[in-house]
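One structure below.
Quick note on labels: first sequence line is chain A, next is B, and so on, each numbered from 1. Just so it is clear, the model here is predicted, and its values are computed rather than measured.
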Number of protein chains: 2
Amino acid sequence: MTTDAETPRPITRIQREKQEVILEAALDVFSKFGFRGSTIDQIAEAAGMSKPNLLYYFKSKEDIHAPLLARILDTWLEPLREMDPKGDPLPEIQSYIRRKLEMSRDFPRESRLFANEMLRGAPGFYDILHTDLKDLVDEKVKIIRGWMAEGKIAKADPYHLIFSIWATTQHYADFDIQVKAVLGRERGGEGRFEDAARFLDQLFLHGLSPKK
Amino acid sequence: MTTDAETPRPITRIQREKQEVILEAALDVFSKFGFRGSTIDQIAEAAGMSKPNLLYYFKSKEDIHAPLLARILDTWLEPLREMDPKGDPLPEIQSYIRRKLEMSRDFPRESRLFANEMLRGAPGFYDILHTDLKDLVDEKVKIIRGWMAEGKIAKADPYHLIFSIWATTQHYADFDIQVKAVLGRERGGEGRFEDAARFLDQLFLHGLSPKK
DNA sequence: CTAGAATTTTTCCAATCGGTCAAAAAAATT
DNA sequence: AATTTTTTTGACCGATTGGAAAAATTCTAG
C-alpha cells in the first residue's frame, strides 16, 4: 500500500532528500559569505557531492539561493504576525521579544543570511520589503498605537519600537562571535540567551531609571 | 651612498591621494559584498583606475581590506571609551547612545563593513575581539556596575546593556534599506535618525511601562 | 534479466579571478 | 634639456569561477 500514486512527473525520494541536503549546505555557506562570496564548489563540498551533481538538482547558484531567502522572510515574520491585538499589550510585546530571541538562538544561520542580503542592498528582495513587510508592520503599528492611546503602554514611536526589537534580538545571531568574545568563557555559554532575555525584559519594561 | 636618514621612503602627494581614493572606493565595495564577494576590478573601477594601477598602490586585496578594518574598530569604540565614570550615569549612557547613533548615520559603510566581517566569523579580527575589545568592555562594565551599586541606575546585566546599545544603533546603518522600506517616504527621510534618537532615549530611560 | 529512467562522474569551456611584468608615459629632479 | 624617478598601461598568467555536455553508473519497473 504505497501512499504515493504514480505521477507523470515523479519527484523521487532521493530528489527531495538531496535537495534538502544541498539547501542545508548552502545555508551554511551563504550565511557566512553572502551570495557573491560563496561558490558552488564550496556548497557542493559542504553537501558532500560534486559540483555537476549539485547542478543536476539546482540549475544555478541563484536557484539555490532564492528558495532559501523565500523561506526565511516568511518564518522570520511569523512571531510578529502572532502578536495578538486582543492580548495584554505588555505581555504580548514581551512574548514577541522572547520568540524573536529564540529564533536567533535556534536559527542563527537564517538570521545571518538575511543580514547578508540586507547589507548588499537586498536586490530582488526590495519589492517584498516595500509591500508584504511594510504592510505587516503598518498593521501591527496600528495595534501598538491603539494600546498607547488606551494608556496600556507608554507612548513611543511604534516603528522604532519594532526596529529595536529586531535589532536587539537578531544581534545575538548576527554578531554572535563578538558577543561570545566579549562575554568570555563563563558568561558566553548557552546561558547567554537567558541572560539576554532577562535583560531585554527589563529594558523594554522599565528601562534603566532607578527604582524609587 | 644610501641616504636612509633624509628620505628613506618618499611618500608623494599623489601616493597619499590615490591611496585615499582607493580606500574610499574599497569601502564602498567591501561594505556591500564583503571581502570574498568583492573583486579588485570592482574596486579599481569605483576608484576610476585600472586594476594594475590600483595594485601599484596596494600589493593585494588583503592589503586594501586590512587598513580599512584596522581604522574602523578604533573609531568605532571611541564613543565607548569616552563614557566618563565621573559623569552622571543616565546622561552618560544617553550621550553614548546618541554618539553611536550619529556614527551609524554618518558612517554607515563602515558599520556595514564591520557587520560583514562579523557575519563571516571575523577571521584575523578574532584576537582583537578577545583582547582589546573585551578589555574595554570589561572596564566599562565595572563602571556601570558601580553606578548600579550606587542606585544611580537600575540593576541590569551591563554586558547585555552594551550589546543592546550596539544593536539598536548599528541597526540603522546595517539594515538601512529595511528601515527605509518600512518607514516609507514620509517617515523614512533623514528625520528618521531624530525619531530613533527620541525613541531610544525613552526606551533606555523608562521602557514601555505606562506612566502612572 | 533487461529496458528505461534517474543519478553521478568525467571532461570540458568561456569568463572572471587575483596578480605579475615589461614597457610606455608622465613627473620630478638635475 | 637630459635624466632619473614615479605612475600608468596593456598584455599576459595560472587558478578559480559558474555552468554545459555527455558518458558512465545506479536504480527501478516489468
Query raised in the report: Does the pair B:D201/B:R198 count as a salt bridge with the N-to-O cut at 4.0 Å?
Result: no
Query raised in the report: Where do B:D63 and B:Y57 land on the side-chain hydrogen bond (donor to acceptor under 3.5 Å, both in side chains) test, with the steps shown first?
Result: CA-CA 9 Å; B:D63 282 359; B:Y57 293 103; over 6 Å; no
Report all interatomic pairs (protein N or O, nucleotide N or O of nucleotides 16-20 of chain D) with separations under 3.5 Å.
| unit_1 | atom_1 | unit_2 | atom_2 | d |
| --- | --- | --- | --- | --- |
| D:dG18 | OP1 | A:S38 | O | 3.2 |
| D:dG18 | OP1 | A:I40 | N | 3.4 |
| D:dG18 | OP1 | A:K61 | NZ | 3.2 |
| D:dG18 | OP2 | A:I40 | N | 2.9 |
| D:dG18 | N7 | A:K51 | NZ | 2.9 |
| D:dG19 | OP2 | A:K61 | N | 2.8 |

Are any protein N/O atoms closer than 3.5 Å to N/O atoms in nucleotides 13-15 of chain D? If there are, list each pair with its distance.
none

Query raised in the report: Salt bridge between A:E92 and A:R99, side-chain N to carboxylate O under 4.0 Å?
Result: no
Report summary line: Test ring pair (Phe, Tyr, Trp, His ring centres under 6.0 Å), reference B:H65, set B:F35, B:F125, B:F58, output is B:F35
Query raised in the report: Hey, are B:D74 and B:R81 close enough for a salt bridge, meaning a charged N less than 4.0 Å from a carboxylate O?
Result: yes
Requested in this report: Could you tell me whether B:R109 and B:D28 make a salt bridge, using a distance below 4.0 angstrom between a side-chain N and a carboxylate O?
Outcome: yes
Report task. Ignoring backbone atoms, establish whether B:Q15 has a side-chain N or O less than 4.0 Å from OP1 or OP2 of D:dT6. Result -> no
Report task. With sequence neighbours left out, write down each residue that passes side-chain contact (heavy atoms from CB on, under 4.5 Å) with B:V21, or none if nothing qualifies. Result -> B:A47
Query - Six-ring centre of A:F33, B:R36 cation under 6.0 angstrom, axis tolerance 45° - result: yes
Query raised in the report: Does A:N53 make a side-chain N or O approach to OP1 or OP2 of C:dT7 shorter than 4.0 Å?
Result: no
Query - Presence of A:Y56 side-chain N/O under 4.0 Å of C:dT7 phosphate oxygens OP1/OP2 - result: yes
